[in-house]
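In the text below, chain A, chain B and the rest are named by the order of the sequence lines, each starting its count at 1.
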There are 2 protein chains.
Amino acid sequence: MTTPQEHRSVEERREQLVDAALAVMTDDGLPAVTTRAVTARAGLPHGAFHYCFGSKGDLFRAVLERELRRSMAAAFAVEIDSPAVTAKITAGIRANLDLVRARPDAALALTELISLARRDPALHDLARWEHDSYLHEVTANVEAWSSAHGISWRRPVVQVSRVFIAVSEGVTSSWLSDRDDQAAEQSIALAAEALATLAEEDAA
Amino acid sequence: MTTPQEHRSVEERREQLVDAALAVMTDDGLPAVTTRAVTARAGLPHGAFHYCFGSKGDLFRAVLERELRRSMAAAFAVEIDSPAVTAKITAGIRANLDLVRARPDAALALTELISLARRDPALHDLARWEHDSYLHEVTANVEAWSSAHGISWRRPVVQVSRVFIAVSEGVTSSWLSDRDDQAAEQSIALAAEALATLAEEDAA
DNA sequence: GTCTATAGCATGATAGAC
DNA sequence: GTCTATCATGCTATAGAC
């Protein structure tokens, strides 16, 4: 805490502080993320903060950027290759829910940060960037899978993907309120069944 | 601001402060809601705060309670009586989106408050209460409409309602990120079309 | 009930020794 | 680069005059 630190690159220090910030906000919520709490958690003196980040806003930006990247990477790391449309949709939505279920507090913290980003003009670009690249990834994913299995959609894939994302977000958000696994599972099954009607098998 | 106030009942004062708190958080976000900002906005001296509310947490509770009630009331005030399933679902989801679209900053503020409630143990019951009563209302609504029009569902109505809510929340959340009216409209249409396949006309 | 004044503390940021 | 000490400000909450 107060023991003198050996030299580290600013990059490493930043990483260390971003880790700490994430830990604090996971444990105690966004308002608890103060420069002091973060440095303390990182085992660094308070003064360390301001030669790694110019301001608290800069820290938030770094946290958001890294975590959104990570969470998207995790969401798409899951390979689902069922040939059945309903099964594929089910698995996709469930994969996303599982991420949240594994670390609910971290997920909650991330939504708090995104809330902040949606309002703070300085972070607005991040909220948009997250939204856009997520849609982009999902669309690419759906497109690849569809053509691999000879499935086509009765509407542009982007539009279909947007609905997938909306449903997935909605189910996840509900689970965060009620933590009801069974209800979530039923919702996913039901939604997948309905959404599958948007697909049609290619008569190739 | 500093001019002496005539006497008002504590109830009225509370109402006044809740209004002010909502205004502040709509304009400047949840973190800007300080006891000072609220009383200033209400045109009251700072000291007024603590004989209306025991603490800041009490204020948050009052705001959440009132606003959740209002927003649910508004959502269900819209009478939609189309006999076509797809049209009914479309209208229902759109009604909810319209509420958010009318006052996006207020909606954003409310989600921030709900985020807070999901984490703060003292407010946890409110988050649950909102979730439960919302589901309850939607279910009752769907049930009434279905029996009036001779429609039945291939799954328990509660489950269907849960999916409706999830889709609605998801679409709304997406819109809050991209403010893309056209995309939202398409998502609603697509989702409604898919969800309508869960219904079946009674062969009465 | 109403309001002023202030206690008591935490905050983000900086100045400057090492 | 590293860290201590401190500044200026803002916060919630309360004590106590009116």
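Straight-line distance from the CG atom of A:L44 to the P atom of D:dT4: 11 Å, rounded to whole Å. Rounded to an integer number of Å, the gap from CG of B:L17 to C1' of C:dG1 is 14 Å. Between B:F53 atom CZ and D:dC11 atom P the separation is 18 Å, expressed in whole Å. Put simply, CG on A:D28 is 15 Å from C1' on C:dA10, counting in whole angstrom units.
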Report task. Applying side-chain hydrogen bond (donor to acceptor under 3.5 Å, both in side chains), run through B:S177 and A:R128 and close with a yes or a no. Result -> CA-CA 6 Å; B:S177 280; A:R128 274 307 287 261; over 6 Å; no
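Sorted by first and then second residue, the side-chain hydrogen bond (donor to acceptor under 3.5 Å, both in side chains) pairs with a member in residues 68-94 of chain A read A:R94-A:E185; sequence neighbours excluded. Among residues at least two apart or in separate chains, there is no ring pair (Phe, Tyr, Trp, His ring centres under 6.0 Å) pair with a member in residues 90-120 of chain A. Within the structure, side-chain hydrogen bond (donor to acceptor under 3.5 Å, both in side chains) pairs that include any residue of residues 42-58 of chain B comprise B:T35-B:H46 (at least two apart or interchain).
Aromatic rings of B:Y134 and B:F76 (six-membered ring for Trp) have centroids within the 6.0 Å cut-off, being under it.
In the model, B:T26 has no side-chain atom that pairs as donor or acceptor with a side-chain atom of B:D105 under 3.5 Å.
Dashed line: the shortest gap from a side-chain N or O of A:R8 to OP1 or OP2 of D:dT2 is not under 4.0 Å.
Considering only residues two or more places apart in sequence or on other chains, A:A199 meets the side chain to side chain contact (heavy atoms under 4.5 Å, CB included) condition with A:V85, A:I151, A:W153.
Rounded to 10 degrees, the angle between the two end axes of the helix from C:dG1-D:dC18 to C:dC18-D:dG1 is 10°, with five pairs used at each end.
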Report summary line: Whether each nucleotide of nucleotides 12-18 of chain C has a protein heavy atom under 4.0 Å at its base (B), only at its sugar-phosphate (S) or at neither (-) is summarised, 5' to 3', as BBB----
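Nearest heavy-atom pair, B:S173 versus A:E169, reported as atom, atom and distance to 0.1 Å: OG-OE1, 2.7 Å.
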